[in-house]
Every structure is written in structure tokens, then in C-alpha cells.
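Step one of this worksheet: look at the structure below.
Numbers here are sequence positions counted from 1. This structure is a prediction, so every number in the text was calculated from the model and none was measured.
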Amino acid sequence: MSEVQLRGFGWRHAGRRAWAVRELDLHIRHGERVLLLGPSGAGKSTLLAALAGLLPEDSGESEGTIEIDGISPLKAFRSSGFPRRPEDQASAAAQFQVGIVFQDPQTQLVMARSGDDVAFGCENRGVPAGEIWPRVSDALDRVGFPYPITRSTSALSGGEAQRLALAGVLALRPGLLLLDEPTANLDPSGAELIREAVARATGPETTLIIVEHRVAEALTLVDRVVVLEPGGGVRADGAPEMIFAAYGDKLADEGVWVPGFSTPPVKATTKADPDLVRAEHVTVPGRLAPVSIAAGAGEVVAVTGPNGAGKSTLALLLGGLLAPASGRIEAFGDRQPPHRWRAATLTQRIGSVFQNPEHQFVTSRVADELALGPRRVGRSPDEVRRIVDDLLDRLRLTKLAAANPYTLSGGEARRLSVATALATAPRLLVLDEPTFGQDRRTWRELVDLLAGLRAEGHGIVAVTHDDAFVRTLADRVVPLGAAEPAPLPRRLLP
């Protein structure tokens, strides 16, 4: 078991004026299970990174103290040289019996085969050789991983990678388990499997801290709720029923996904115009079975389905970023398929948002990220400045204009990725999990923004597991795939 103590703790990322978290006093006892809430940008992910000892000294400024069982993870790491590689971070974190699953699971997968990736942490922890592979098999079973241990990690969908990352942490049997949006990229059945796995893995000997926007579902895992105040301190702390009874309305207004608050639909009021893009029987071997789909101007098409069904692959095809192995894609009346267009043509016609927003960032400032597209298509400096300022304002990013995109919270990074797709005013938007990591307020603002674009005649294709998004905004739903394959028997040896 692990006990957490923070006294006046704060952290400010290098180059940022505002503190990500500040003046935080918090005590979490051995074996407690805590749901950490707060609006997007309140510092939830930063706090988890600090507890895992993953904030290098040269990447920011700290104040106050943070301890796990009386030891500061930050100071302990720095005294021996901060580990830069993910695999070394995993090894270093093991000394505190801390396991963390990040918002983006791809950042902690380090091996080519799935079983080896789960075994890696155990090997670094010094688990006896005879225990490692039984632990690997047990952890993969707990999270419902549907493939053998030889499955390539590069072949996994985002949701499958999330399960594998959790399995790697569970195999370590940590005393402190930190989960940052563990079900964000999962379909409903996969999310339920993860919650069941966490419930089984967090007995009295495990302390759990979880960040999750699916609040109603996460309540089954916790006995305490802590709400962070943006800018510093704790907004509320106590039993879930007490917190939501006393602060529910206020928290909902501040952006927390309080259970029981509905989202009124925003549907199209006019019929969609002719198709902007049409795909017929397109396939990618091993990633996407034959599928046909079309999207017209003035409509939102939601693509749903289980993890591994090929939704993200379809988004890459429609966005002109991947060539189909068979079938055909037509868009904007062009004789050439999108993947054959010149980059400038593609950028002005189709805007894409990847499942992992960090994968599309290429500059060191938020404002520069937004300016890149308009500059490449020949906009004047005055036009670029106007576009950037407008998008910063619309997506609540103005205060972060000078920030490094890689220091943003998950929700902020998602809004930036959407803004970059809008920067060249494309008629068609292809969005992969556009509402990932959003609090209730920014979620509503993003939905309203997309509704406004639809009304202006833009076509939108959104890959999503967000049922509220589908109910609220989608005009049509295209489900992909059948149920996931049944888990295969796994060998206990590599």
C-alpha cells in the first residue's frame, strides 16, 4: 500500500506564466480509491505525472512538497539522474511501487510484441523469471486483451493499446495505481472490461487515483472524490454522494461531468447537400474490412464500432492520408482520389484530426501551430494573424498562445488539434475522437462549434465512442465491425 501527502505543492511548466497546479494540500491514505475531477486544464494529469515522478527538473518549476510513503518521487529521481526514455521511467517508478497509465497509451508501449511489453516492467522490477509470464497472462486476461502475446504492438488500435498499457501496469501489482482517462478510447464493452479489471486489481492493499470524464461509470471504482480548483487548491473533497449533492450544480457549471445532467440535441435543420466524399468497398488488409460511406456538405456522420474495427484507418482513408488496398474514394468531384492530391490542395479541402493529437504537432508554440496551415496555403500575414486570433478565442486557447503544445493537458491538446484542422477552412472535416478529454463546458463549446460549421455547409465525419456526442450532434451513424474476436489462449512462455 502507498500513502500520498502533498503540502502546498505546485508545478509550472517551463515557459508558462500560469501554474498547472498550485497550493495543493492533499492527503490520501493507504488503500483509498480517489476520483480526481476538475475542468480541463485544472492540473489533473500534471498531478498524476508528479506522483509518478515524471516531471524532470529542467522542464518546469516546483514548490511545496509531494511524498509517497515519506519519499519525494521528484527528488529521488533527480538524485540519480532523471530517466528520459519511457522504459527507464517505468523502471524508476517501480521503486515506489507506482504504476501509471497515461492519456495516450502509445507513449508507454516500448516493445514490438504485446506480451513482451507487459513483461518489460516485471523484468525491470526484478520479478523472479518463473513468475513473469504467468503475471503477463493473468494481466492480459484481466483487461480482456483479445490477442495472443505475439501480437505486434504497432498493429493495435488506440483502445487495444490502452488495454495493453493497463495490463503492463497491473502485472507490476503496484501499491499506488494512477489512471489518466483509462477508458477514453474504448468502446462501451471495452470500457466496462477495464473497470472490472481495475476493480479486481485494487483491493485493500492498493491505493487508486483515477482521472476520468466518464464520471457516472467511474463512481463504481471509488470511495472519495477530490475536485481541483483551476489555478490552485482543492475545490471539494469527500464521499461521492456528498460532493454531488452539495456542489453538483456548481460543478456542472464549472465544467465537471456531474451525473444526471443531460445534453440537449443539436441536429441539422436542413437536408445535406451532395456528397463531399464517397468511399466504396474500401479495404486495408488486417486493419479494415470492406466498407462504404459517404458524407455530404451540411451533415455530421458519426462512425462507431468496437475497438479494432478499423475506425481510425477509415478516417485516414477519408482524410487522404492513406491509400486503400482496394475499392475507391472520390471527393470534391476530383478524378484523383484524395491520397494523390498535392498537399496544399488536400489541406484546403479536408482537415484531419488524429486520435492522438500530439502526433500532428510540429512546432513549439500553440500560435505557431495554428499559423502553419494558413501560411502553407499562401495566406497573407494579416490573414494568418486574424485566423490564429479567431481560433485561439473560439477554442479557449488564447492564454496558451505561447505555450509548447506538448505541455498542454489532454483536453487542451485535443482542442488545439481541432483548431489546426479548421485553420485552412476546409469544407470537409475528418475527426478521430474529437471530444476526448473535454470537460462538460469545453465539450459543449466544441459541439456548438461543429454544429455551426455544419450550418455553414461543412461536412463532418467523426470517429467516436462518445455516446453523448452521437446523440447530440450526429445526423447519421455508420457502425463498423462486429464484436471483437474472442480472447485466444495464451502461452505462458514468450
Taking all atoms of both residues into account, what is the closest heavy-atom pair of [X] and [Y], and its distance?
X	Y	answer
S292	E280	OG-CA, 3.5 Å
A295	R476	CA-NH2, 4.0 Å
R414	P357	NH2-CD, 3.8 Å
L318	V277	CD2-CG2, 4.0 Å
P188	D467	CG-OD2, 4.2 Å
V225	V227	CG1-CG2, 4.0 Å

So, taking the atom named [atom1] in [X] and the one named [atom2] in [Y], what distance separates them when rounded to the nearest 0.5 Å?
X	Y	atom1	atom2	answer
T420	L395	OG1	CG	9.5 Å
I28	R33	CD1	CZ	13.5 Å
L166	I194	CG	CD1	4.5 Å
S137	I149	OG	CD1	8.0 Å
F9	E67	CZ	CD	12.0 Å
L179	I209	CG	CD1	10.0 Å

Under a 3.5 Å distance rule, please check whether [X] uses its side chain to pair with a backbone N or O of [Y] as donor and acceptor.
X	Y	result
E369	S364	no
D187	S189	yes
S59	P56	yes
E3	I68	no
E412	P405	no
Q355	S312	no
D180	S45	no
N307	E160	no
T153	M111	yes
D117	L109	no

Tell me yes or no: between the side chains of [X] and [Y], is some donor less than 3.5 Å from an acceptor?
X	Y	answer
Q438	R415	yes
T442	D439	yes
T207	S2	no

- Message: Going by the rule side chain to side chain donor-acceptor pair (under 3.5 Å), which residues pair with S152 if we only count those two or more places apart in sequence or in a different chain?
- Response: S154

- Heavy-atom neighbours of R342 CZ exceed 12 at 6.0 Å: no

- Message: Looking at H359, I want to see if its NE2 is surrounded by more than 12 non-hydrogen atoms of other residues, nucleotides or ligands under 6.0 Å.
- Response: yes

Check whether any side-chain heavy atom of [X] sits under 4.5 Å from a side-chain heavy atom of [Y], and report yes or no.
X	Y	value
L36	L47	yes
T283	V291	no
T46	L55	yes
P240	L35	no
W257	L37	no
L416	F361	yes
V353	D432	no
F332	I350	yes

Less than 4.0 angstrom from a charged side-chain N to a carboxylate O is my criterion; do [X] and [Y] meet it?
X	Y	answer
E217	R195	no
D334	R340	no
D138	R142	yes
E32	R29	yes
R454	D475	yes

- W443 and D466: CA distance, side-chain angles, deciding distance, side-chain contact (heavy atoms from CB on, under 4.5 Å) verdict: CA-CA 11 Å; W443 183 94; D466 185 347; 2.8 Å; yes

- Query: For I460 and V301, what are the C-alpha separation, side-chain angles and deciding distance, and is it a side-chain contact (heavy atoms from CB on, under 4.5 Å)?
  - Reply: CA-CA 6 Å; I460 299 170; V301 179; over 6 Å; no

- Query: Can you list the steps and then say if V198 with I210 is a side-chain contact (heavy atoms from CB on, under 4.5 Å)?
  - Reply: CA-CA 10 Å; V198 171; I210 180 172; 5.8 Å; no

- Take V110 and D116, measure what side-chain contact (heavy atoms from CB on, under 4.5 Å) needs, and give me the verdict at the end. CA-CA 9 Å; V110 297; D116 294 339; over 6 Å; no

